[in-house]
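Worksheet: one structure, shown below.
In this chain, numbering begins with 1 at the start of the sequence shown.
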Amino acid sequence: MERTVDLDRAAAVLADRAAPWRDRGVVFEPVTWRDAEASWPQPLETDRARVGDPDSLGVLARGPDDTELFVVLFRGGWADVEFIASLDDFGMLPASDIVSAEDFGDRLAQWLRRVFDPPRGESPQAWSCASDGVHGE
């Protein structure tokens, strides 16, 4: 797999971007790492030192009212992003062509806002923001 995103740097960016959300009651589970060199099925590790060649990192964020954001970032420059903002607002968000850890951080901030701080006065289904790549379902 191509190494487009430095996952160690992305984990540092994640930690920086998560701090203000923690102050608002969002709980972040420990980052998980998958080792490209591990035999199948590749286990997920929370201790980075146990992973020689990381090919993905994952994070689960939980907020009030059962809101959740689950992101798995792959070093090849894409992510699997799933969310539950409410019983009527859940699904997957687009996440391709991530070019750096900083780009990941910018997108992470958008995803966090999408799930844990939706615009006031609008139904979640009506909200979309084509300019930042985040769309309501």
Side-chain angles (χ1 to χ4, degrees):
M1 178 186 309
E2 186 177 326
R3 296 173 192 268
T4 303
V5 179
D6 178 337
L7 295 180
D8 289 307
R9 176 74 187 119
V13 169
L14 167 66
D16 289 344
R17 299 292 176 112
W21 292 96
R22 281 187 187 97
D23 294 342
R24 297 173 68 187
V26 176
V27 175
F28 290 81
E29 299 296 324
V31 169
T32 58
W33 300 88
R34 188 177 75 173
D35 194 333
E37 297 174 353
S39 59
W40 187 259
Q42 296 159 306
L44 299 178
E45 301 286 349
T46 56
D47 182 355
R48 172 61 179 89
R50 295 179 51 100
V51 177
D53 185 20
D55 69 349
S56 70
L57 71 80
V59 65
L60 173 61
R62 291 190 170 113
D65 301 320
D66 296 323
T67 53
E68 289 188 358
L69 175 67
F70 179 61
V71 178
V72 178
L73 174 65
F74 296 89
R75 70 183 180 196
W78 72 91
D80 293 338
V81 182
E82 300 178 22
F83 74 98
I84 302 171
S86 73
L87 290 176
D88 298 324
D89 185 22
F90 56 89
M92 299 184 75
L93 299 173
S96 60
D97 301 321
I98 300 169
V99 298
S100 68
E102 289 70 23
D103 181 24
F104 168 69
D106 292 343
R107 294 180 193 216
L108 177 66
Q110 295 166 2
W111 300 327
L112 288 164
R113 282 193 308 271
R114 167 66 178 88
V115 176
F116 301 114
D117 192 21
R120 309 279 182 238
E122 295 181 29
S123 71
Q125 295 81 6
W127 186 60
S128 69
C129 187
S131 64
D132 66 10
V134 178
H135 303 281
E137 292 296 318

Could you check whether any side-chain heavy atom of [X] comes within less than 4.5 Å of a side-chain heavy atom of [Y], counting everything from C-beta outward?
X: Glu102; Y: Arg9; value: yes
X: Phe74; Y: Thr4; value: no
X: Leu112; Y: Leu69; value: yes
X: Phe83; Y: Asp89; value: yes

What's the verdict on side chain to side chain contact (heavy atoms under 4.5 Å, CB included) for Asp55 and Gln42, showing C-alpha distance, side-chain angles and the deciding distance? CA-CA 11 Å; Asp55 69 349; Gln42 296 159 306; 4.2 Å; yes
Would the distance check show the side chain of Arg48 and the main-chain N or O of Val51 forming a donor-acceptor pair, the cut-off being under 3.5 Å? yes
I'd like to know if the side chain of Arg3 reaches the main chain of Arg75, judged simply by a donor and an acceptor atom lying under 3.5 Å from each other, with no hydrogens or angles considered. no
Taking salt bridge (Lys or Arg N to Asp or Glu O under 4.0 Å) as the definition, give me every residue that meets it alongside Asp103, ordered by chain and number, with sequence neighbours left out. Arg107
ILVMFWY cluster, [X] and [Y] together (side-chain gap under 4.5 Å):
X: Leu108; Y: Phe28; answer: yes
X: Trp78; Y: Val72; answer: yes
X: Val59; Y: Val13; answer: no

Would you please test Asp117 and Arg24 for side chain to side chain contact (heavy atoms under 4.5 Å, CB included) and show each step? CA-CA 10 Å; Asp117 192 21; Arg24 297 173 68 187; 3.4 Å; yes
What pair of heavy atoms forms the shortest contact from [X] to [Y], and how long is it?
X: Asp35; Y: Gly52; value: OD2-N, 2.8 Å
X: Phe104; Y: Leu14; value: CE2-CB, 4.4 Å
X: Thr46; Y: Pro30; value: CG2-CB, 4.1 Å
X: Gly63; Y: Phe116; value: N-CE2, 3.5 Å
X: Leu7; Y: Ser56; value: CD1-N, 3.4 Å
X: Val5; Y: Ala10; value: CG1-CB, 4.2 Å

Which value, rounded to the nearest 0.5 Å, describes the distance between [X] atom [atom1] and [Y] atom [atom2]?
X: Leu57; Y: Asp8; atom1: CG; atom2: CG; result: 8.5 Å
X: Thr32; Y: Phe70; atom1: OG1; atom2: CZ; result: 6.0 Å
X: Arg114; Y: Thr67; atom1: CZ; atom2: OG1; result: 11.5 Å

Please list all pairs meeting side chain to side chain donor-acceptor pair (under 3.5 Å) that have one or both residues in residues 11-21, counting only residues at least two apart or in different chains. Arg17-Asp106
Is it the case that over 12 heavy atoms from other parts of the model lie below 6.0 angstrom from the CG atom of Asp23? yes
So for atom CG, which belongs to Asp65, do other residues, nucleotides or ligands contribute more than 12 heavy atoms lying within a distance under 6.0 Å? no
